[in-house]
Protein chains: 2
Amino acid sequence: MGQEYQELSYHSDPLPSLPEAVSVGGSAGIAAQLRRAIVEGAYGLNERLPAERELANLFKTSRGTIREALRRLQELGMVDRQIGSGTFVTYRQFSEHTEIADVTSPLELIEVRLGIEPQIVRLAVANATAMDIERMRKALLKVEAAAGDPETFSKADAEFHLAMAECTRNRLMVWLYQLVNETRSHDQWAAMKESILVPERIAQYNAHHRHLYNMIAKRNLDSALDTIYDHLDTARNDLVGAVRTRPN
Amino acid sequence: MGQEYQELSYHSDPLPSLPEAVSVGGSAGIAAQLRRAIVEGAYGLNERLPAERELANLFKTSRGTIREALRRLQELGMVDRQIGSGTFVTYRQFSEHTEIADVTSPLELIEVRLGIEPQIVRLAVANATAMDIERMRKALLKVEAAAGDPETFSKADAEFHLAMAECTRNRLMVWLYQLVNETRSHDQWAAMKESILVPERIAQYNAHHRHLYNMIAKRNLDSALDTIYDHLDTARNDLVGAVRTRPN
DNA sequence: AGTATTTGGTATTTATTTGGTTTAAACCAA
DNA sequence: TTGGTTTAAACCAAATAAATACCAAATACT
């Protein structure tokens, strides 16, 4: 039972090797073809493969053989299967590994935000129009309404900060902050969200948000700056706490 | 439907597999189509999508399926929905940095640098390694050697500031600063260089550079911060002077 | 100001799709 | 024989899709 896996996993990485040498019949051959189709990008990440019965027709074989082939792909960690839904690709192309978000640590992100966001506050206080303030208010209501769920709160929080960035009326600043936000929303942080975003912490963040909105609307630069520094310091301390293995 | 693939069965040696074209189907496929339409600009920011019942007719499917597809788009943060009003696009299209450079004014650029570079100085003082300092020293010598020609000085100046960014040991910061630098080197500023970068101004900038290098090497944060603010203030004032139509 | 329409939100029921499992029969190579 | 593989058929459980009705918020119209 183990022999066929060696054949698959050994020459696995980039090249299709030569499957014909092994008399490409049966489930092993079908598994090899499907694997090759996936690594070559015929089926992208999270895309659905044809249903088992469909594949059986396509390959002119029985469903049992298809199932055996898919079982091997599943053991290789290339696909995930869900009853009633289908078989989905979990294999990541190598090119998708090189994103900045993947090599950015939470502390690095906070360091960058500590540079950009206070400046955003300064420019927002100086340049925000009534329309900008109104957009910010809507974003504030949205993030406050999302206080119950860490996931939606996280998205709404990003939108609020982006609305604040738009108050600067500086397109380069908005563009840069969008890039920061993209890094921020990368799924690398998913696990951390759960442990950090407890209700009381969300409440504290939202108090910061509301005060930021009020101070920008009132053009109170000093108080707004105090708040954004407080906000980011809190976030930084939370991150350090979240990665700490032992309490102090 | 499977008939066409008969001769492509798995016996054939040369890449027989053509099981493609299943990605579309059900709510997942509809979500993918709508997502593509949005990112390709068919529906712009804040624009309204057709109503659910309309989409159900268009896609020849049930409203429930449409809702499921829209729910996925909402989870991706691409769309926002309001009762009685409709579904609206919240996805912001990224323009390439070449385009961003075209719509960025010199003052906007300085405003962004005023946020980022002081933070770079703080992190550089804290994190720079001996190797980083050495790279910075070489960049300093290069920019000082280029004092004679505004064009080469401008390039060497950008390299010096990038070397400083690399002292932060923060990859996200370096990446962002590279993007800022690209905006900076856009030929939009070519005309301005000639009028601003007179020899005495270059000398002043280089004095800033040398002092920045020394203070970072000596880990003197306060003096380094004073210098970078001085540096950027000088640049801002030069820009305002350059775009001023009448002398004061 | 009040009414009617449109729109997204919710719920329910039924049908279809899809992977998971079992059983039985046939075939092949060691 | 023995063990392994393939084919075939039937059924199960979970997820999705479809059809329908009704609600609530926002908007348009009178």
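All values reported here derive from a predicted model rather than from experimental measurement.
Ion pairing between a basic and an acidic side chain is recognised when a charged N comes within 4.0 Å of a carboxylate O; Arg81(B) and Glu52(B) show such pairing. Salt bridge absent: Arg72(B) and Glu75(B) never bring a charged side-chain N and a carboxylate O closer than 4.0 Å. Ion pair Glu134(A)/Arg137(A) flagged as a salt bridge, since at least one NZ, NE, NH1 or NH2 atom sits closer than 4.0 Å to an Asp/Glu carboxylate oxygen. Using a 4.0 Å cut-off between a side-chain N of Lys or Arg and a carboxylate O of Asp or Glu, Lys155(A) and Glu159(A) do not qualify as a salt bridge.
Residue-environment remark: CZ (Arg35(B)) stays at or below the threshold of 12 foreign heavy atoms within 6.0 Å.
Separating the CD1 atom of Ile30(B) from the P atom of dA17(D) is a distance of 8 Å, rounded to the nearest angstrom. Nucleotide dT16(D) holds its C1' atom 10 Å from the CZ atom of Phe88(A), rounded to whole Å. Distance CZ (Phe59(A)) to P (dA8(D)): 16 Å, rounded to an integer number of Å. The interatomic distance linking Lys138(A) (NZ) with dA26(D) (P) rounds to 11 Å, in whole Å. In this structure, Arg53(A) places its CZ atom 10 Å from P of dT17(C), rounding to the nearest Å. Between the CD1 atom of Ile83(B) and the C1' atom of dG9(C) there is a distance of 6 Å, rounded to whole Å. dA26(D) atom P lies 13 Å from atom CG of Asp80(B), rounded to whole Å. Atom CD in Glu68(A) sits roughly 11 Å away from atom C1' in dG4(D) (whole-Å rounding).
Within the structure, a side-chain polar atom (N or O) of Arg67(B) is placed less than 4.0 Å from OP1 or OP2 of dG9(C). Residue Ser27(A) has no polar side-chain atom (N or O) positioned under 4.0 Å from OP1 or OP2 of dT5(D). Close to dT18(C), at under 4.0 Å from its OP1 or OP2, lies a side-chain N or O of Arg48(A). Between Arg81(B) and dG9(C), a side-chain N or O to OP1/OP2 separation shorter than 4.0 Å is present. Using a 4.0 Å cut-off, no side-chain N or O of Ser85(B) falls inside it from OP1 or OP2 of dA26(D). Side-chain nitrogen and oxygen atoms of Thr87(A) include at least one within less than 4.0 Å of the OP1 or OP2 phosphate oxygen of dG19(C). Taking only side-chain nitrogens and oxygens, Thr65(B) comes nearer than 4.0 Å to OP1 or OP2 of dA18(D).
In this structure, the nucleotide among dT7(C), dA10(D), dT7(D) sitting nearest to the side chain of Glu54(B) is dT7(C). Closest contact between the side chain of Glu52(A) and the listed nucleotides dG20(C), dA17(D), dT7(D) involves dG20(C).
Pairing partner, dG4(D): dC27(C), with both Watson-Crick or wobble hydrogen-bond distances short of 3.5 Å.
When heavy atoms are screened at a 4.0 angstrom cut-off, Gly64(B) is found touching no nucleic acid atom at all.
Judged by atom type and distance alone, Arg71(B) does not reach the base of dG8(C) through any side-chain donor-acceptor pair under 3.5 Å.
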